[in-house]
Each structure stands twice: as C-alpha cells, then as structure tokens.
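Data block below; observations after.
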Amino acid sequence: MIDDQPFLADCRARLAFDLLANTWNSVVLWALRDAPQRPGALRERIGGISQKVLTETLRRLEFNGLVERRSYGGAPPRVEYGLTPLGRSLLAPIDAFGVWAFEHGDEVMAAQERYTREH
C-alpha cells in the first residue's frame, strides 16, 4: 500500500527533507533573510563556503524556486540573489531547527563523544 511507504522518491515530504538536508541550502536561505545580496557579500556573511559551492547552492535554490537572481547593467555588471516568497516560507522551519539545535546541541555533542569513546 502506498500509505505504508511515505518516503517514496516522489513524496512531497521527502522533497522537503531533501531541500533541508543539504547544509548549505538552509545556511544560504537564512543568510538572505534580511535582503538580497551579491554573491561576494553573501560568501563573506556565511564564511567557510567556497565560491564553487556557493554558486552550486544558489543555482540549486534558484532551480527549486527558492531564490531569484537579479542582474543589473552597468560596468561591471552586478548580480544579486534574493528570496522568493516560496523561499521565505522556509525561514520558519529553518528557525525551528535552529531553536532545536540551540536547546539540544550539547546533548547531541555529548552523545557523539560517548559513542566515540565506546566504539
């Protein structure tokens, strides 16, 4: 029965989990929450992300309709990325994960240390 297999490849819940499973997706969306940004400024704000990974992440988020790319003429040409309404709708779930991590992060790290000692 299909109801017994809730995480099939075409399942919408799995789609949502896949969007949030990539660490950089959530980080980039969160970094864009206040205003559109140029890639260089976004990279500085995030820290620890390579230009290649940032570009791949922005393209993936644009593909999924979560961010939009805006090009401005001039010399040199300027590009900004900003959240779409769909992307903005993911901020609350990302925030909820952040709250959970703040509240339970020490417990997770303690479990990791315990596991490492025991194995």
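Remember, predicted model here, so these are calculated numbers, not experimental data.
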Item to complete: Count the heavy atoms of every other residue, nucleotide or ligand shown that sit under 6.0 Å from OH of Tyr72, and state whether that count exceeds 12.
Response: yes

Worksheet item: Looking at residues at least two apart in the chain, or sitting in another chain, which of them share a salt bridge (Lys or Arg N to Asp or Glu O under 4.0 Å) with Glu68?
Response: Arg70

Worksheet entry | Value rounded to 0.5 Å, distance of CG in Leu61 from CG in Leu32 | 8.0 Å

Discussion item. Check this for me: does any side-chain nitrogen of one of Arg114 and Glu118 sit under 4.0 Å from a carboxylate oxygen of the other?
Written reply: no

Worksheet item: Does the side-chain contact (heavy atoms from CB on, under 4.5 Å) test come out yes or no for Arg69 and Leu58, once each step is laid out?
Response: CA-CA 9 Å; Arg69 181 180 188 272; Leu58 289 167; over 6 Å; no

Item to complete: May I ask you to decide whether Asp18 forms a salt bridge with Arg60, counting only side-chain N to carboxylate O separations under 4.0 Å?
Response: no

Discussion item. Ignoring hydrogens, what is the shortest heavy-atom contact between Asp34 and Arg45? Give both atom names and the distance.
Written reply: OD2-NH2, 3.3 Å

Worksheet entry | Side-chain donor or acceptor of Arg33 paired with backbone N/O of Trp30 under 3.5 Å | yes

Item to complete: Each residue besides Val108 in its hydrophobic cluster should be listed here, by chain and number; the cluster joins Ile, Leu, Val, Met, Phe, Trp and Tyr at side-chain heavy-atom distances under 4.5 Å.
Response: Trp100

Discussion item. I need the Glu56 CD to Gln51 CD distance, nearest 0.5 Å.
Written reply: 10.5 Å

Worksheet item: Given side chains that start at C-beta, do those of Leu86 and Asn64 come closer than 4.5 Å, heavy atoms only?
Response: no

Worksheet item: Taking the side chain from Glu44 and the backbone from Pro39, do they hold a donor-acceptor pair closer than 3.5 Å?
Response: no

Worksheet item: Atom CH2 in Trp24, atom CD1 in Ile49: separation rounded to 0.5 Å?
Response: 4.5 Å

Fill in: Leu66 side, atom CG; Arg88 side, atom CZ - distance, nearest 0.5 Å
12.0 Å

Worksheet item: Taking all atoms of both residues into account, what is the closest heavy-atom pair of Gly65 and Thr84, and its distance?
Response: O-OG1, 2.6 Å

Worksheet item: Is any side-chain N of the basic residue among Glu80 and Arg78 closer than 4.0 Å to the acidic one's carboxylate O?
Response: yes

Worksheet item: Between OG of Ser26 and CG of Leu19, what distance do you get to the nearest 0.5 Å?
Response: 8.5 Å

Worksheet item: Shortest non-hydrogen contact from Leu91 to Leu29?
Response: CD2-O, 3.8 Å

Discussion item. For the backbone of Asn25 and the side chain of Thr57, can you confirm whether one donor and one acceptor N or O come within less than 3.5 Å of each other?
Written reply: no

Fill in: Approximate separation, where rounding is to 0.5 Å, of Leu90 CG and Phe97 CZ
10.0 Å

